[in-house]
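This is a predicted model, so every value here is computed, not measured.
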Amino acid sequence: MIVLRTRRTARSTALGIALASVLGLPTAALAQAEQTVTIGHAGPLTGAAAHWGKDNDNGARLAVEDLNKQGLVIGGKKIKFVLQSEDDQADPKQAMVVANKLADMGVKGMLGHFNSGAAIPASAVYSRAGLPDVSTATNPTFTKQGYNNVFRILASDDDVGMAIADFTVKDLKAKKIAVIDDRTAYGQGAAEVFTRGVKGLGGTIVAQEFGSDKATDFMAILTSIKAKQPDVVFYGGMDAQGGLIARQMKQLGITAKLLGTDGLCTNEVAKISGGAVDDLLYCTRGGKEIEKTSKGAEFEQRYKARFGVEVLTYAPYLYDAMMALAAGMRAANSVEPEAYLPAMRKVKFDGVTGAISFDAKGNLQKPDFTVFTYKDGKRVRVAGS
């Protein structure tokens, strides 16, 4: 009976090979099953921050498509990646709903969440599930919680906030500084790092105010600040409010410069401000100019050809985040989180955004930063690492 089954198996295999030959298919495919590997992505796909979430989604999606073209074989199986994107609305409560949904689905890795207020609470869910979690969250707390599964794919607020503080005091020669934040984990965190930095460099904080990430009227706050005659106004928050602040500063005749971190470093901020950011706004974001990296210009071209729009900000970082997950899987020869998570600590490659490797806490090693201003509604580099 054993011999009979062996002969039948041999005949079946021979028949399959012959059929594959006739159809022009690679015979190796017969012995190589395909495995679908679902990767989770979460970010704001609706609401005021939807342009950020969609940009991130596009970057991750392009990476998935590129990986699938490579025909990766991991653990003896051809891998087909699928991206499962969920809308967290940039809201911490919705982020928890999304995180539990993705973990329960059995995704093999996480990309996101975009904003720190969503990423920090959601990371607890992914930690319990043992899922590698690669995010653009910049609040330092993200990698200070003691979790071994979190990875930050760009500079933190500690890096970027100190960079803009240094630029404020040393390059702009500012002495009197006003600070506003939106009370989110991202905005408040950035403002705290900036404030600490300028104080350490001899600057004086003449006003500290706050609004919200949904505010539209800053006239009362700015009127109060104007009386203090600051050299600069720092805003910890996103472009939706930053653009309005720039416009309202112009309306009130405030001559101080407006400063911010990566949330303000977008083309959207120029549109929202109605052109008010020109020669007014200075912003810092993690990373080099994408055009200056070895693979950046090509990525921008492919991104625009694929999606019909320009890169906003973080799409290349989500692309590299997905590539980092894939690198960990290849190193471990497994797509199972418990098997490849340890390998993520040793991931090292030349990404679209630059050199990718992580330290013991999951922070990007040797992060770069760039300072921009605006001319004719476009970002213009003025300093950087």
Would you find a donor on one side and an acceptor on the other, under 3.5 Å apart, between the side chain of [X] and the backbone of [Y]?
X	Y	result
Asp157	Gly161	no
Asn333	Gly75	yes
Asp320	Gly351	no
Arg345	Phe358	no
Gln145	Phe142	yes
Gln35	Lys77	no
Asn149	Leu131	yes
Thr370	Gly384	no
Thr223	Met219	yes

Which atom pairs, one a donor and one an acceptor, fall under 3.5 Å between side chains of residues 204-213 and the rest of the protein, sequence neighbours left out?
from   : atom 1 : to     : atom 2 : distance (Å)
Ser212 : OG     : Lys214 : N      : 3.1
Ser212 : OG     : Ala215 : N      : 3.2

Can you tell me how far [atom2] of [Y] sits from [atom1] of [X], rounded to the nearest 0.5 angstrom?
X	Y	atom1	atom2	answer
Leu258	Asp279	CG	CG	13.0 Å
Phe234	Ile164	CZ	CD1	7.5 Å
Thr36	Lys78	OG1	NZ	11.0 Å
His41	Ser135	NE2	OG	9.0 Å
Ile245	Leu252	CD1	CG	11.5 Å
Lys175	Leu172	NZ	CG	12.0 Å

Exercise. What pairs of residues pass the salt bridge (Lys or Arg N to Asp or Glu O under 4.0 Å) test when at least one of them lies in residues 114-141, not counting sequence neighbours?
Worked result: none

For this session: Might you work through the side-chain contact (heavy atoms from CB on, under 4.5 Å) test for Asp350 and Ser294, ending with a clear yes or no?
Result: CA-CA 9 Å; Asp350 184 20; Ser294 61; 3.3 Å; yes

Exercise. More than 12 foreign heavy atoms under 6.0 Å from CG of Asp376: is that the case here?
Worked result: no

Could you give the side-chain donor-acceptor pairs of residues 106-122 under 3.5 Å, partners two or more places apart or in another chain?
from   : atom 1 : to     : atom 2 : distance (Å)
Lys108 : NZ     : Glu336 : OE1    : 2.9
Lys108 : NZ     : Glu336 : OE2    : 3.2
His113 : ND1    : Asp88  : OD2    : 2.7
His113 : NE2    : Tyr126 : OH     : 2.8
Asn115 : ND2    : Ala90  : O      : 3.4
Ser116 : OG     : Thr138 : N      : 3.2
Ser116 : OG     : Asn139 : N      : 3.0

Treating Ile, Leu, Val, Met, Phe, Trp and Tyr as nodes and any side-chain heavy-atom pair under 4.5 angstrom as an edge, say whether [X] and [Y] lie in one connected cluster.
X	Y	result
Ile254	Ile177	no
Tyr235	Ile225	yes
Val179	Met162	no

Exercise. Would you call Glu298 and Lys295 a salt bridge, using N to O less than 4.0 angstrom?
Worked result: no

Exercise. Do Lys101 and Asp104 meet the salt-bridge criterion of a basic N to acidic O distance under 4.0 Å?
Worked result: no

For this session: Taking the side chain as every heavy atom from C-beta outward, state whether Tyr340 and Ile74 have any atom pair closer than 4.5 Å.
Result: no

Exercise. Is there side-chain contact between His51 and Asp239, with heavy atoms separated by less than 4.5 Å?
Worked result: yes

Would you please name every residue forming a salt bridge (Lys or Arg N to Asp or Glu O under 4.0 Å) with [X], sequence neighbours left out?
X	result
Lys361	none
Asp181	Arg183
Lys250	none
Lys199	none

Exercise. Taking all non-hydrogen atoms of both residues, which atom of Gly263 and which atom of Trp52 are closest, and how far apart?
Worked result: O-CZ2, 3.5 Å

Set of side-chain hydrogen bond (donor to acceptor under 3.5 Å, both in side chains) partners for [X], sequence neighbours left out:
X	value
Asp262	Tyr186, Tyr314
Asn148	none
Thr46	Asp87
Asp278	none

For this session: Start with the C-alpha gap between Lys176 and Lys228, add the side-chain angles, then the distance that decides, and say whether side-chain contact (heavy atoms from CB on, under 4.5 Å) holds.
Result: CA-CA 8 Å; Lys176 299 164 65 178; Lys228 308 291 178 61; 5.8 Å; no

Problem set entry | Candidate pair Phe81 and Leu72, rule side-chain contact (heavy atoms from CB on, under 4.5 Å), full reasoning | CA-CA 10 Å; Phe81 289 106; Leu72 295 182; 3.9 Å; yes

For this session: Apply side-chain contact (heavy atoms from CB on, under 4.5 Å) to the pair Leu222 and Gln251, showing each step before the final yes or no.
Result: CA-CA 10 Å; Leu222 292 172; Gln251 291 171 355; over 6 Å; no

I'd like a table of donor-acceptor pairs (distance under 3.5 Å, sequence neighbours excluded) in which one partner is a side-chain atom from residues 300-313, with atom names and distances.
from   : atom 1 : to     : atom 2 : distance (Å)
Arg302 : NH1    : Asp66  : OD1    : 3.2
Arg302 : NH1    : Asp66  : OD2    : 3.1
Arg302 : NH2    : Asp66  : OD2    : 2.7
Arg302 : NH2    : Tyr319 : OH     : 3.4
Tyr303 : OH     : Asp55  : OD1    : 2.8
Tyr303 : OH     : Asn58  : ND2    : 3.1
Lys304 : NZ     : Glu310 : OE2    : 2.9
Arg306 : NE     : Glu65  : OE1    : 3.0
Arg306 : NE     : Glu65  : OE2    : 3.2
Arg306 : NH2    : Glu65  : OE2    : 2.7

